[in-house]
Amino acid sequence: MKDYYAARAAEYDQVYLKPERQADLRAVEQWLPTVFAGKTVLEVACGTGYWTQFIAPVSAGLVGVDASAETLQIARSRLSGLAVTLVAGDAYELPIGERRFQSAFAGFWWSHVPKSQQRRFLDGLHAALQPGATVVLLDNRYVEGSNIPLSESDAEGNTYQRRTLADGSVHRVLKNFPSRRELLAIAPGATVREWPYYWALTYQLPFSP
Ligand SMILES: C[S@@+](CC[C@H](N)C(=O)[O-])C[C@H]1O[C@@H](n2cnc3c(N)ncnc32)[C@H](O)[C@@H]1O
């Protein structure tokens, strides 16, 4: 995953140019900032900072974490002038020290978390947040003709795509497309928003554990 996205960094933002997704992108770009306005935000797997550019200006401070130096370099230039701290690190071992955030966002990350690692990821994420914090996971719905077809699955139910980069290299990438029911099971009281090409799961942490 990390190596694939490092190799893909320069061409990553092309995914945001797909013509059929433009209306959905505009809708999500308008909605997301309303969730994070006035809150401190921990953004996991921030990549090239595409979503960061909409969230950071309304937030009360944003820390973005990503494993790839290559994507972070693009994010740094895109976000220059915004009050954003970008940190290289692992989503499963978040490098945030003692800081606790009022909200968290992960765009197009959940689909890459192996099923066996989902609880570990969530426990680490929740430990980085304040009681009552808001969490948003945003990701793809599978749409024939727009998404790369799934090529295989493994014993724990993860699905995979074969993706080709501009240099011709082919990568086997774990990409899950959870059902609405699976999403709602992630956290009590969670709500799912759906657009034709995307879903967003939103929930609040309890105030007392
Ligand atoms: C599909 S991209 C999403 C990027 C961005 N959130 C967006 O929506 O445009 C997934 C990102 O996860 C990062 N990544 C892969 N493995 C990671 C890990 N273990 N910890 C943190 N980031 C990781 C990749 O470098 C890549 O930027």
Side-chain angles (χ1 to χ4, degrees), residues 1-2 4-6 8-9 11-18 21-37 39-59 62-68 70-72 74-76 78-79 82 84-92 94 96 101-113 117-118 121-122 124-125 128-129 133-143 146-148 161 163 173-178 183 186-187 190-203:
M1 263 286 287
K2 176 175 177 286
Y4 165 72
Y5 279 105
R8 187 182 162 193
E11 56 192 275
Y12 182 77
D13 283 352
Q14 289 173 18
V15 75
Y16 293 116
L17 299 178
K18 291 195 175 203
R21 300 186 185 181
Q22 294 307 304
D24 278 16
L25 286 168
R26 298 297 89 73
V28 179
E29 289 160 14
Q30 291 200 349
W31 168 70
L32 262 189
T34 67
V35 179
F36 295 105
K39 293 181 165 67
T40 55
V41 183
L42 172 60
E43 183 177 356
V44 178
C46 62
T48 60
Y50 183 84
W51 297 104
T52 324
Q53 69 185 323
F54 303 108
I55 298 170
V58 302
S59 75
L62 183 147
V63 173
V65 176
D66 198 279
S68 156
E70 289 82 354
T71 59
L72 284 172
I74 295 169
R76 275 199 186 91
R78 164 177 269 149
L79 304 168
L82 289 175
V84 167
T85 305
L86 298 173
V87 187
D90 186 358
Y92 298 96
L94 290 163
I96 49 136
F101 295 81
Q102 294 169 310
S103 65
F105 172 68
F108 303 86
W109 165 249
W110 182 256
S111 54
H112 295 301
V113 177
Q117 299 300 309
Q118 289 177 347
F121 165 66
L122 289 174
L125 179 69
L129 304 178
T134 300
V135 178
V136 178
L137 307 177
L138 171 70
D139 223 305
N140 295 100
R141 297 178 69 191
Y142 184 81
V143 181
S146 187
N147 294 98
I148 299 166
Q161 296 170 324
R163 299 186 178 184
V173 178
L174 187 154
K175 178 81 178 177
N176 289 325
F177 291 90
L183 290 174
I186 288 174
T191 58
V192 179
R193 277 180 177 70
E194 289 177 317
W195 298 267
Y197 293 91
Y198 305 114
W199 56 259
L201 183 83
T202 308
Y203 61 91

Quiz item: When rounded to the nearest 0.5 angstrom, what is the spacing between CG in Leu79 and CG in Leu62?
Solution: 8.5 Å
Practice problem: Go through the structure and list residues passing side-chain contact (heavy atoms from CB on, under 4.5 Å) with Gln118, not counting sequence neighbours. | Solution: Trp110, Val113, Lys115
Practice problem: Output the distance between atom CG (Leu201) and atom CG (Leu183), rounded to the nearest 0.5 Å. | Solution: 5.5 Å
Quiz item: Which residues satisfy the side-chain hydrogen bond (donor to acceptor under 3.5 Å, both in side chains) test with Tyr198, sequence neighbours excluded?
Solution: none
Practice problem: Show your reasoning for whether side chain to side chain donor-acceptor pair (under 3.5 Å) applies to Arg26 and Gln30. | Solution: CA-CA 6 Å; Arg26 298 297 89 73; Gln30 291 200 349; over 6 Å; no
Hey, can you pull the donor-acceptor pairs under 3.5 Å for the side chains in residues 42-55, sequence neighbours left out?
from	atom 1	to	atom 2	distance (Å)
Glu43	OE1	Thr52	OG1	2.7
Thr48	OG1	Asp13	OD1	2.7
Thr48	OG1	Arg78	NH1	3.3
Tyr50	OH	Glu29	OE2	2.4
Trp51	NE1	Tyr16	OH	2.9
Gln53	NE2	Tyr50	O	2.9

Quiz item: Of all residues at least two apart in sequence or in a different chain, which pass the salt bridge (charged side-chain N to carboxylate O under 4.0 Å, His left out) check with Lys39?
Solution: none
Self-check item: Donor-acceptor pair between Tyr5 and His112 side chains, under 3.5 angstrom
Solution: yes
Self-check item: Those residues that, when tested against Ser111, pass side-chain contact (heavy atoms from CB on, under 4.5 Å) (two or more places apart)
Solution: Asp139, Lys175
Exercise. Check for a donor-acceptor pair, side chain of Trp199 on one end and backbone N or O of Asn140 on the other, with a separation under 3.5 Å.
Key: yes
Quiz item: Could you walk me through whether Leu137 and Trp109 pass the side-chain contact (heavy atoms from CB on, under 4.5 Å) check?
Solution: CA-CA 8 Å; Leu137 307 177; Trp109 165 249; 5.9 Å; no
Practice problem: Apply side-chain hydrogen bond (donor to acceptor under 3.5 Å, both in side chains) to Ser146 and list each qualifying residue two or more places apart in sequence or on a separate chain. | Solution: Glu20, Arg21
